[in-house]
Amino acid sequence: MNLKERLTDVLQPILGSDIPVIWSVPKRSEQGDLSTNAAMIASKRLGRNPREFAQELVDIIDPEAFGLEKLEVAGPGFVNVWIGPGYYHGVVRQILERGSEYGSSSTGNGQRVIVEFVSANPTGPLNIVSARAAAIGDSLVRVMRKAGYDAMAEFYVNDAGRQIRRLGESIIARAKGEEVPDDGYHGEYVKDIAKALDTVRLYVEMEDLAQHLAGKLPDPSLEGLGKLAAGLITVEQSETLSRYRVHFDRWFKESELHDGGDPQKALDRLRELNAVYEKDDAVWFKGSEFGDEEDRVIITSEGRPTYLLPDIAYHLNKADRCDIAIDLLGPDHHDYVNRMQAALKALGHEDFLSVLIVQQVHLLRDGERVKMSKRAGQMVTLSELLDEVGVDVTRYFFLQRKTSTPLDFDLDLALEQSDQNPVYYVQYAHTRTRGILRQEGAPKPDLNTELSPLTAPEELELIKILEQFSETIARSAEAHEPQRLVGYLEEIANRLHKFYGACRVIGEDEAVSNARAALVLATGIVLKEGLHLLGVEAPERM
RNA sequence: GCGCCAGUAGCUCAACUGGAUAGAGCACCGGCCUUCUAAGCCGGCGGUUCGGGGUUCAAGUCCCUGCUGGCGUACCA
């Protein structure tokens, strides 16, 4: 149990169980190391003077028992707490003991989570929004695992349906040297696939294509050809993603769903629940009864399911496998959220799904937006981005900002290998910890190193931020906001640099040197693990 | 029209889920390298948190309303 929890345990009986005791770190050091507003909340309900009540809380805590320096009532009724250095020395020791395990918690209680992201159609290379989603989704999974969730990363492959036929058509057109249809896929990669398939000719579909091109077969299997190409594209996507250090635990194919008859089962279930009806030869889901703006067609008048039905089936499938589903969707899909939530509500899975909209990314070069057009096949792909700016910078840039806000990705800044570029600030801090300990004559700290010489403000400020690692991770996980971790790591870097400026490690009195070296080692551990959660490397030298 | 996301320093963004005097980076100005990497540190400049109401001890944060921008608004996915 940590300090906050122990303090809360003492206060809770006086406050009553319905008053939350929330400890926060005040912005100003004159307000102590920890603060709670519980007395103000409680006094309202109990009709008491908040400051008097706060004093009562202060009186009941024995400072020595908790290693506290003092407690105070402040402002309108805050209880402020000053923590003694002994507690912080314990934090450093704990980091050294736990190593890369430091920061883990059981906040998630082992809840099973499926985070679905990217899920790009297998009809072309990954674009920039996918790149952003990939970085965020992957880090979110890492963060959630660290916070005690049983989290899995999943990629939903839309390998069925119309777009696969269109892909087949586009390939045939390219193979014939004809223009690709307007609603087809225009990128250069389609040409490459056509060529590759033609060269290999291993598959029945390709034989069909060859026959077709020779004028012997009027209609090759577009579906089969499309699937084949989709498979190749999926492989390519997965290779790019693994270069990007993005890992998926499962690639879930839409065709698996169809093979198992899941969409039909979902439809039957909705029928049983009386959540669908027929109108104009089509089957409609009663979305408006479950929080959507309007009812939605799930089987067209031609008898074909719309994309919504297999998607409902897919989410039902997830509901069998996890407690919480998180979907990261592109900005062009946000109208889809309500209807999916409505469907899940109808099926008894309210509050199961939470959706994060990954907003638009604009690439800037020379201060100008880079024009991207899918229609004309002109896109900057993830793969190209990685070639140009590298994995660390790309991931860091995407993870810096809240996912729900549009993002300008400044290529010139990304390429700049200087202090202008924030990635290096944190990486440099890690390098600095390694550099100090690499020095000749540097102490070799271990678990028995005496830490009590750590008393300088810069030392304690550094430890205070390290102490918040676990909580920062837990909050990032709960809020589904990995970007919080970025700001946190920058804060560690900043305090390390200040410490570095104020306190020499090597050449001081031996006890001081040893203790400081232990602190430097601990800081390096946290920085490295933090960067790892972002999928960014922690270099030994720069 | 309706829906979603945004609007905070000149620019890019934070703000620990409603707390105390709204913070960083970039840009601009000025300091600090014969000592562990100056990819760093210190100081300065810079704000009606889009406007207007409301809720309360307390609002950038919650509610209402108006404005601006982006995206979406299919029997496409």
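So that the names make sense, note that chain A is the first sequence line, chain B the second, and so on, each numbered from 1. Just so it is clear, the values below take in all heavy atoms, side chains as well, and ignore hydrogens, waters and symmetry mates.
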Against A:Leu521, only a single residue in A:Arg516, A:Arg434, A:Lys444 fulfils side chain to side chain contact (heavy atoms under 4.5 Å, CB included); can you say which? A:Arg434
If the C1' atom of B:rC26 is compared with that of B:rG19, how far apart are they to the nearest Å? 30 Å
Roughly how many Å is it from CD in A:Glu458 to C1' in B:rC42, rounded to a whole number? 12 Å
Can any side-chain N or O of A:Ser43 pair as donor or acceptor with the backbone N or O of A:Asn49 at less than 3.5 Å? no
Looking at A:Tyr307 and B:rA77, is any side-chain donor or acceptor paired with a base atom of the opposite kind under 3.5 Å? yes
State whether the side chain of A:Arg132 and the backbone N or O of A:Gln359 hold a donor-acceptor pair below 3.5 Å, judged by distance alone. yes
Side-chain donor/acceptor of A:Gln360 to backbone N/O of A:Asp332, under 3.5 Å: no
Roughly, in whole Å, what's the span from CD1 in A:Ile436 to P in B:rG40? 15 Å
Regarding A:Arg432 and A:Thr523, is there a side-chain donor-to-acceptor distance under 3.5 Å anywhere? no
Nucleotide B:rA77, atom C1' - distance to CZ of A:Arg166 in whole Å: 8 Å
Could you give the distance separating B:rG23 and B:rC45 at their P atoms, to the nearest angstrom? 14 Å
Is a side-chain donor or acceptor of A:Glu471 paired with a backbone partner of A:Gln468 at a separation under 3.5 angstrom? no
Hey, are A:Asp295 and A:Tyr277 close enough side-chain-wise for a donor-acceptor pair under 3.5 Å? yes
Check every atom of B:rG70, B:rC36, B:rG40 against the side chain of A:Arg432 and return the nucleotide holding the closest atom. B:rG40
Could you please name the option among B:rU73, B:rC75, B:rC41 that lies closest to any side-chain atom of A:Asn494? B:rC41
Answer with base, sugar-phosphate or nothing: what part of the nucleic acid does A:Thr431 contact at a heavy-atom distance below 4.0 Å? base
For RNA chain B, what residues of residues 508-520 of chain A have any heavy atom nearer than 4.0 Å? none
Donor-acceptor check, side chain of A:Glu5 to backbone of A:Asn2, threshold 3.5 angstrom: yes or no? yes
Step by step, work out the salt bridge (Lys or Arg N to Asp or Glu O under 4.0 Å) result for A:Glu461 and A:Arg495. CA-CA 7 Å; A:Glu461 287 303 307; A:Arg495 294 193 193 189; 3.4 Å; yes
Quick one: label A:Ile506 by what it contacts on the DNA or RNA (base, sugar-phosphate, nothing), any heavy atom closer than 4.0 Å. base
Excluding sequence neighbours, so at least two apart, what forms ring pair (Phe, Tyr, Trp, His ring centres under 6.0 Å) with A:Tyr425? A:His497
Determine yes or no for a side-chain-to-main-chain donor-acceptor pair under 3.5 angstrom, with A:Tyr185 supplying the side chain and A:Arg166 the backbone. no
For RNA chain B, the dot-bracket pattern of Watson-Crick and G-U pairs whose distances stay under 3.5 Å, | for other-strand partners: (((((((..((((.....[...)))).(((((.......))))).....(((((..]....))))))))))))....
Using the P atoms only, state how far B:rC5 lies from B:rG46, rounded to an integer number of Å. 36 Å
Applying a 4.0 Å non-hydrogen cut-off, can you work out what A:Val25 is touching in the nucleic acid: base, sugar-phosphate, or nothing? base
Between A:Asn514 and A:Thr449, is the side-chain hydrogen bond (donor to acceptor under 3.5 Å, both in side chains) condition met? List the steps. CA-CA 7 Å; A:Asn514 288 343; A:Thr449 300; over 6 Å; no
Within the distance-only criterion (no hydrogens, no angle test), does the side chain of A:Arg438 pair as donor or acceptor with the backbone N or O of A:Glu540 below 3.5 angstrom? yes
Separation of B:rC4 P from A:Asp335 CG (nearest whole Å): 12 Å
Distance below 4.0 Å between A:Arg304 side-chain N/O and B:rC76 OP1 or OP2: yes
Geometric cation-pi criterion, A:Lys4 with A:Trp23: 6.0 Å, 45°: no
Look at the side chain of A:His334 and decide which nucleotide, out of B:rG40, B:rA77, B:rC4, has an atom nearest to it. B:rC4
Closest to the A:Gln360 side chain: B:rC5, B:rC71, B:rC75? B:rC71
Both A:Asp408 and A:Glu293 contact RNA chain B. Taking the nearest nucleotide for each, which residue is further toward the 5' end? A:Glu293
Specify the separation, in whole Å, of atom CE of A:Met340 and atom P of B:rA77. 14 Å
Is there any protein nitrogen or oxygen under 3.5 Å from a nitrogen or oxygen in nucleotides 17-22 of chain B, and what are the pairs?
residue : atom : partner : partner atom : Å
B:rG19  : N7   : A:Asn37 : ND2          : 2.5
B:rA20  : OP2  : A:Lys27 : NZ           : 3.1
B:rA20  : O2'  : A:Gln31 : NE2          : 3.0
B:rA20  : N6   : A:Ser35 : OG           : 2.5
B:rA20  : N6   : A:Asn80 : OD1          : 2.8
B:rA20  : N1   : A:Asn80 : ND2          : 3.1
B:rA20  : N3   : A:Gln31 : NE2          : 3.4
B:rU21  : O2   : A:Arg28 : NH1          : 2.9
B:rU21  : N3   : A:Arg28 : NE           : 3.4
B:rU21  : N3   : A:Arg28 : NH1          : 3.2
B:rU21  : N3   : A:Arg28 : NH2          : 2.7
B:rU21  : O4   : A:Arg28 : NH2          : 3.3

With a non-hydrogen cut-off below 4.0 angstrom, is A:Gly435 in contact with a base, only sugar-phosphate, or nothing? sugar-phosphate
Counting only N and O atoms by type, is there a donor-acceptor contact under 3.5 Å from the side chain of A:Asp262 to the main-chain atoms of A:Ala313? no
Nucleotide B:rA38, atom P - distance to OH of A:Tyr424 in whole Å: 18 Å
Nearest to the A:Lys498 side chain among B:rA39, B:rC41, B:rG72, which nucleotide is it? B:rC41
Starting at CD1 of A:Ile473 and ending at C1' of B:rC16, how long is that distance when rounded to a whole Å? 14 Å
Is there a side-chain contact between A:Leu519 and A:Leu466, using heavy atoms and a 4.5 Å cut-off? yes
Say you pick atom P in B:rC62 and the same atom in B:rA39; how far apart are they, in whole Å? 42 Å
Between A:Leu407 and A:Arg339, whichever has its closest RNA chain B nucleotide further toward 5' is A:Leu407
Whole Å only: how far is the CD atom of A:Gln359 from the P atom of B:rG3? 17 Å
Quick check against the 3.5 Å criterion: does A:Asp327 have a side-chain atom that pairs as donor or acceptor with the backbone of A:Leu329? no
Touch class at under 4.0 angstrom, heavy-atom based, for A:Tyr500 against every strand present: base
For A:Asn127, is there any backbone N or O sitting under 3.5 Å from a side-chain donor or acceptor partner on A:Thr381? no
Could you identify which residues of residues 397-405 of chain A place a heavy atom less than 4.0 Å from some atom of RNA chain B, listed by residue number, or say none? A:Arg401, A:Lys402, A:Ser404
Are A:Tyr425 and B:rC41 close enough that a side-chain N or O sits under 4.0 Å from OP1 or OP2? yes
In whole angstrom, give me the gap between the P atoms of B:rU61 and B:rG51. 10 Å
Considering only the P atoms, how many Å lie between B:rC50 and B:rG7, rounded to the nearest integer? 8 Å
Return the polar atom pairs (N/O with N/O) between nucleotides 44-50 of chain B and the protein under 3.5 Å, or none.
none

